[in-house]
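Worksheet for the structure shown next.
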Amino acid sequence: MQRNVVILDIDYVTYENKPVIRLFSKDGDKNIILLDDTFEPYLYVMADDLDKCIDEIQNNFDVVCIEKVNKKDFQIEKEFLKVTFNHPQELAKNRDALRDLESVVQIREFDIPFYRRYLMDRDVIPMTEVVAIGDKIDSFLDLDSNKQDIEIIKLTDELKRSPDYPREFRILSFDLEVRNPHGMPNSEIDEIIMIGVSSNFGINQVISTKTNSDCRDDFVNQMNSEKEMIEEFVKIIKENNIDIIVGYNSDNFDFPYLKDRAKILGIDLDIGMDGSDIRFIRRGYANAASFKGLIHVDLYLVMRRYMTLERYTLERVYYELFGEEKIDVPGDRIWEFWDNGGEELDNLFDYSLDDVVSTLKIAEQTLPLNLELTRIIGQPLFDVSRMATGQQAEWFLVKQAYFDNEVVPNKQGANFANRAAAEDNEGGYVREPEKGLHENLVQFDFRSLYPSIIISKNISPDVMYLGDVDNEEDYNISPEHGLKFKKEPQGFIPSVIDKILQERFRIKREMKASDDDTEKKALNVQQQAIKRLANTMYGIYGFPRFRWYSFECAKAITSWGRQYIKSSIKKAEEYGFYAIYADTDGFYAKYKKKDKRN
DNA sequence: CAGAAACGGGG
DNA sequence: GTGTACGTTTCTG
């Protein structure tokens, strides 16, 4: 059978000791889970004597297959061994011992999560429409299409891209209010008093055990108990075919709190597409709240990347985006408003609704860009919305490397030397602003300075030379440090940036040519997402924990950047301008004859 | 003063 | 989950 579905989420399960990829998808409002058992985990091995190495691996490990493959390592063609394991956990368990084998020089691509590998190798792009061909089956492990509202399809063909743009996603925002008279909320004793919900298809309500004055009770949904409130919330999610659920700091507050209260009250938060519970995924020291097939986006994390502010409270972020003040109730007084009732309770209801409506507005403003980033990067929205921009760039590059037949570099780790080198990098040129009120200023800035330098100077580790060279004219040589970058061939990272910037110009042309407003808007978001990604590429050289970390490349970029900005200031001075402030890629200047200071 | 711990957001 | 944030501020010995 054939189905057109939009891919929302992915994981894998184990069936008969083999990994099976599960793609959580939807066809309209029908939940579809696609199964693919044809993908196997692998890594690459670098060795001097490949045949000897094959023997050694075969004698020591239980692997599915070992094959010689031609790949590129920093553009140099090399023969690697591709070692395929039966299960991702087998790979994880054996990789250290494999690395330690005498004939093994190096292992590569051993730390790429299985589901990400699948998305990249099969070119399956989350949040896009695909054509799925396969056999409908009734049940698989804990999935049962007779008991659950799902259809299970075992894929028989590779997924193909659908030309259709996915329908608009159904977004629900939510927010909890808690009665906490003794300092910060404690989920063991402080009950939930309000659950606000708002959607982009008309839901706007506050679920509570109390209600407000008669004249304004249109948005309060009154329940008999906290237990009923949570059950109502679960019902709303289940019955409205929600694709994306958003909150503000919901990874760290709302969902952990809701889970605790649900447990105390004996309620299942079985909101997952397959009826599974909420789960918390460890991300370093923090947790991320996750459901199968229901994408949870914590906007707090998104906003921290989206804009530069001194603080990221919901209030501050909302003001920045929309220029409006939010209704405010101080957190430590919420319980008083609740207990006092009357007008104060009305205010609390208004506050609860305002919070959740604002959260939805922020989601509607920022999710389109994140959806486009998700499609460009090719990883799940859940992950992309929680990645630092450098990580986004890295996963994008890992996928590009796969298509360029490049083996990706290993992470070097933030060791002391790397960290020190990174800190040593001078950064952009800054001229401290001249004090005072300035009028009639002119502004100058470079368009995408760092990406342009990377491309024009071909700054990439695969074309970099540290020693002496015969033909200096074949190289771009950085100011200050004399780092050499071969002009030909184009380096891996410059080529990727070049490609995506060309894609950006193509989209911009298409945008100009279009006379459909909706299409124009969508294209505009796409080109913005690409611009963001391109501007982040510099970062991947500058931070030691990234795979393409190269402090030489980072140093070269900033040194050229300083040279360009300084020379343009100088040029401006020749025409009678005087820079009163400069930072990295631009400056402000006054028109004035050179004064005594110079 | 250096290294450890806390913080952010949320109520 | 083929895993273990992060950069900055405040506290403590």
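Below, chain A is the first sequence line, B the second, and so on; all start at residue 1.
Atom P of nucleotide B/dG10 and atom CG of A/Leu258 are separated by 18 Å, given to the nearest angstrom.
Neither OP1 nor OP2 of C/dA5 sits under 4.0 Å from any side-chain N or O of A/Arg386. Put simply, A/Tyr12 has a side-chain N or O that comes within less than 4.0 Å of OP1 or OP2 on C/dT2. In this structure, A/Tyr351 reaches the B/dG11 phosphate: one of its side-chain N or O atoms is under 4.0 Å from OP1 or OP2.
Heavy atoms of A/Asn94 sit nowhere under 4.0 angstrom from any nucleic acid atom. Residue contacts shown for A/Asn252 are absent, as no nucleic acid heavy atom lies under 4.0 Å away. Across all strands shown, A/Tyr312 has heavy atoms under 4.0 Å from sugar-phosphate atoms exclusively, and none from any base.
Rounded to the nearest Å, the gap between the P atom of C/dA5 and that of C/dG1 is 12 Å.
More than 12 heavy-atom neighbours from other residues, nucleotides or ligands sit within 6.0 angstrom of CG on A/Asp142.
Side chain of A/Tyr248, nearest nucleotide from B/dG9, C/dG3, B/dG11: B/dG9. Side-chain proximity of A/Arg545 to C/dC6, C/dG1, C/dT2: nearest is C/dC6.
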I'd like to know whether A/Phe337 forms a ring-ring contact (aromatic ring centres under 6.0 Å, His included) with A/Phe349, so could you lay out the CA-CA distance, the side-chain angles of the two residues, the decisive distance to 0.1 Å, and finally the verdict.
CA-CA 10 Å; A/Phe337 280 56; A/Phe349 276 116; over 10 Å; no
